[in-house]
Structures are given as C-alpha cells and as structure tokens.
Amino acid sequence: MSIREKVAYLKGLAEGLGLDAESKEGKLMAAIIDTLADMADDIEALAEATVDIEEEIDAITDTLSDFEEVLFADDDDDDFDDDDCECDCEHCQGEFACDVECPACGEEFEIGESALVSGSAICPACGKELEFEFGDEDDNEDNETE
C-alpha cells in the first residue's frame, strides 16, 4: 500500500467516526489528514526526482568512463617503458638526461636524450651550439695515445 493510499484510508476512518467538522477534534483531524496528504504528494515527487537523478548519474558515469579510456589509455606506439628507465632524477620523467658544462661560458645545464642523440644542444646562457660525439671509451683512449 502506498503512502497516498494509507492517507486515503485514514481519511475514510475519520469520516466513519462521524466527527463534527466544526468541533475542535474534527478540525484537528482534518488538518492532520490534509498535512499527511501533502506529505504523501511531496514524497512521491521526491521519489520520481530520485529516479531521474539516478538516470542522469548513470549517464554521466558512462561519459566519464569513455573520457577515462581516451585520456588514460596506454599509447601502444610508444616504445619507451617507464619501468625501463634507470635514471634516478625525478624531473626527467623517464627520459635520460645529463648535466653538461658549456665550454664557452661555464654555465651548467641539463640536456635530454633527444639532444644527445641528435649530437648537439644550445647553451641556454650564451647561445653557443655544443656538439657531441658518441664512441667507445676504448676508441677515445686509442686516439689520445696516437
């Protein structure tokens, strides 16, 4: 039995008592039943609104899940794995980096893996281009002794 049906039942009981609508008791009983009827209407409206809100929340949750899939999906094209990083620095975010000193001005700055691979970097202090060569240490030692 719904709340509205219960209020209607109470109204029927009150009418069955044959209370005088002009007496104090009759006025009180009528006011209580009217208040209960208003409360039943409000409760039903809240229940309907709750269902609508639940449907909206479900739709928002689905949309957020779709966004999460797009935003936080693993990039399959990226060959670099953060777990493979042996760098201890916090700011490189997985890219190998090292500190160098500019031979022209003495400024120390950090260069990343991409600059090392390209073989050159620009000093942020003086603008001089620094060039790097890769080779085995054994090759460099042999060249120095010759």
Side-chain angles (χ1 to χ4, degrees), residues 1-140:
M1 188 182 298
S2 73
I3 294 176
R4 185 184 300 273
E5 292 169 336
K6 290 178 181 179
V7 171
Y9 175 74
L10 291 174
K11 187 173 184 177
L13 286 176
E15 290 173 359
L17 290 174
L19 295 174
D20 183 15
E22 298 301 318
S23 71
K24 292 179 185 178
E25 294 85 8
K27 288 180 183 178
L28 176 64
M29 191 65 70
I32 290 172
I33 292 173
D34 288 343
T35 301
L36 289 173
D38 291 343
M39 291 172 65
D41 292 341
D42 289 347
I43 290 171
E44 284 185 5
L46 288 172
E48 290 174 11
T50 301
V51 169
D52 292 342
I53 290 171
E54 287 174 349
E55 290 173 359
E56 288 294 322
I57 288 173
D58 288 343
I60 291 169
T61 301
D62 292 344
T63 302
L64 284 175
S65 294
D66 294 343
F67 282 131
E68 285 176 347
E69 286 179 20
V70 171
L71 291 174
F72 301 114
D74 289 336
D75 187 6
D76 294 334
D77 296 333
D78 188 10
D79 292 335
F80 184 79
D81 185 4
D82 290 339
D83 295 335
D84 294 336
C85 180
E86 295 177 9
C87 179
D88 290 333
C89 64
E90 295 176 14
H91 60 279
C92 76
Q93 299 177 351
E95 181 177 329
F96 175 80
C98 65
D99 293 327
V100 295
E101 183 177 325
C102 177
C105 69
E107 177 75 18
E108 284 194 24
F109 62 98
E110 186 176 87
I111 59 172
E113 181 179 7
S114 56
L116 288 171
V117 170
S118 72
S120 67
I122 304 293
C123 174
C126 68
K128 178 172 173 63
E129 182 176 3
L130 306 176
E131 294 183 10
F132 308 99
E133 292 182 24
F134 288 103
D136 292 338
E137 289 182 25
D138 295 336
D139 291 343
N140 289 339

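Numbering of residues begins at 1 and proceeds along the displayed sequence. These numbers were taken from a predicted model, which means no experiment stands behind them. Note that these values count all heavy atoms, side chains included, but never hydrogens, waters or copies made by symmetry.
- Listed by first then second residue, pairs satisfying salt bridge (Lys or Arg N to Asp or Glu O under 4.0 Å) with a partner in residues 27-48 read Arg4-Asp41, Arg4-Glu44, not counting sequence neighbours.
- Within the model, atoms CD1 of Ile53 and CG of Leu46 stand 9.0 Å from one another, a figure rounded to the nearest 0.5 Å.
- From Lys128, atom NZ reaches atom SG of Cys105 across 10.0 Å, with rounding to the nearest 0.5 Å.
- Taken to the nearest 0.5 Å, the CD atom of Glu68 stands 9.5 Å off from the OG1 atom of Thr61.
- Counting all heavy atoms, side chain and backbone alike, Ile3 lies closest to Ala40 at CG2-CB, 3.5 Å.
- In terms of heavy-atom proximity, Glu101 sits nearest to Gly106 at CG-O, 3.5 Å.
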Between Leu28 and Lys24, is the side-chain contact (heavy atoms from CB on, under 4.5 Å) condition met? List the steps. CA-CA 6 Å; Leu28 176 64; Lys24 292 179 185 178; over 6 Å; no
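- Residues Leu130 and Ser120 are not in side-chain contact: their nearest non-hydrogen atoms beyond the backbone lie 4.5 Å or more apart.
- Residues Phe109 and Val100 form a side-chain contact, since some pair of their non-hydrogen atoms from C-beta on lies under 4.5 Å apart.
- Using a 4.5 Å cut-off on side-chain heavy atoms (C-beta onward), Met29 and Ile33 make contact.
- Residue Leu64 holds its CG atom at 10.0 Å from CG of Leu71, rounded to the nearest 0.5 Å.
- Residues satisfying the side chain to side chain donor-acceptor pair (under 3.5 Å) criterion with Glu15, sequence neighbours excluded, are absent altogether.
- Under the 3.5 Å distance criterion, the side-chain polar atoms of Glu55 are left unmatched by any main-chain donor or acceptor of Asp52.
- Taking each heavy atom of Ile111 and Ala121 in turn, the nearest pair found is CG2-CB, 3.7 Å.
- Asp58 CG to Thr63 OG1: the interatomic distance, rounded to the nearest 0.5 Å, is 10.5 Å.
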